[in-house]
Amino acid sequence: MSAKGLFEKVWTIVTHVPEGQVVTYGQIAVLLGNPRAARTVGWALHSTPDLLDIPWHRVINSAGRISTDCGEHSPTVQRQLLEQEGIVFDARDRVDLDRFQWRPPLELIESILGE
DNA sequence: ACGGTGACGAGAT
DNA sequence: TATCTCGCCACCG
């Protein structure tokens, strides 16, 4: 069960994002120690096996906007899921990151990186 | 093995 | 503030 690729680490992290909070692609990249791999994080989520059942909708971009645009993971669905959790979008369809961005406990990150 | 690809992001205009 | 541009890098055929 060792940590294989970056993809699996991304999925593991997203699994821990609590309801009512969000993370950004870039933030996940930083947590993983690859601050410039934000695009790769996005790609990892694009190829998320649905059977993993991870809260993919809690990942948005650094502007506080929804980037999703593929199949069942549509922007509309993602927004609805987030609003159901109490997350608020402003008039420009943005989430206030100061208010809703997740600040993961350091020990959680260490345990994920050290798997 | 190697290059195209993408749910990004920061800086420039 | 809204767009546009370009660099980024793990995957997979």
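Note that these values count all heavy atoms, side chains included, but never hydrogens, waters or copies made by symmetry.
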Is the number of heavy atoms from other residues, nucleotides or ligands within 6.0 Å of CG (A/Asp96) greater than 12?
-> yes

Send over the distance from [X] [atom1] to [N] [atom2], rounded to a whole Å.
X       : N      : atom1 : atom2 : answer
A/Arg94 : B/dG9  : CZ    : P     : 14 Å
A/Asp90 : C/dT1  : CG    : P     : 11 Å
A/Arg65 : C/dA2  : CZ    : P     : 6 Å
A/Gln27 : B/dA10 : CD    : C1'   : 17 Å
A/Ile13 : B/dA7  : CD1   : C1'   : 17 Å
A/Phe7  : B/dA7  : CZ    : C1'   : 12 Å
A/Asp69 : B/dG6  : CG    : C1'   : 12 Å
A/Leu6  : B/dC8  : CG    : C1'   : 13 Å

Below 3.5 Å between N/O atoms, which protein atoms pair up with nucleotides 4-8 of chain C? Just atom names and distances, please.
from	atom 1	to	atom 2	distance (Å)
C/dG7	O6	A/Arg39	NH1	2.9
C/dC8	N3	A/Arg39	NH1	3.4

Shortest non-hydrogen separation from [X] to [Y] and the atoms involved:
X       : Y       : value
A/Trp11 : A/Ser47 : CZ2-O, 3.6 Å
A/Leu45 : A/Thr48 : O-OG1, 2.7 Å
A/Arg65 : A/Ile60 : O-CB, 3.3 Å
A/Pro55 : A/Val17 : CG-O, 4.2 Å

Restricting to pairs with a member in residues 70-100 of chain A, which pass ring-ring contact (aromatic ring centres under 6.0 Å, His included), not counting sequence neighbours?
->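 Output for this query lists A/Trp56-A/His73.
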
Within residues 40-48 of chain A: residues closer than 4.0 Å to DNA chain B (heavy atoms) = A/Thr40, A/Gly42, A/Trp43, A/Leu45, A/His46

Could you give the side-chain donor-acceptor pairs of residues 19-40 of chain A under 3.5 Å, partners two or more places apart or in another chain?
from	atom 1	to	atom 2	distance (Å)
A/Thr24	OG1	A/Gln27	N	3.0
A/Gln27	OE1	A/Thr24	N	3.3
A/Gln27	NE2	A/Trp102	O	2.8

Phosphate OP1/OP2 of B/dC8: any A/Ser62 side-chain N/O under 4.0 Å |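 So the side chain of A/Ser62 is outside the cut-off, no N or O lying under 4.0 Å from OP1 or OP2 of B/dC8.
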
Could I get the full list of salt bridge (Lys or Arg N to Asp or Glu O under 4.0 Å) partners for A/Asp93, not counting sequence neighbours?
->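 A/Asp93: salt bridge (Lys or Arg N to Asp or Glu O under 4.0 Å) contacts with A/Arg79.
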
From B/dA7, C/dA10, B/dG9, nucleotide with atom closest to A/Thr68 side chain | B/dA7

What residues, two or more places apart in sequence or in another chain, satisfy side chain to side chain donor-acceptor pair (under 3.5 Å) together with A/Trp43?
->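 Listed in chain order: nothing, the list is empty.
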
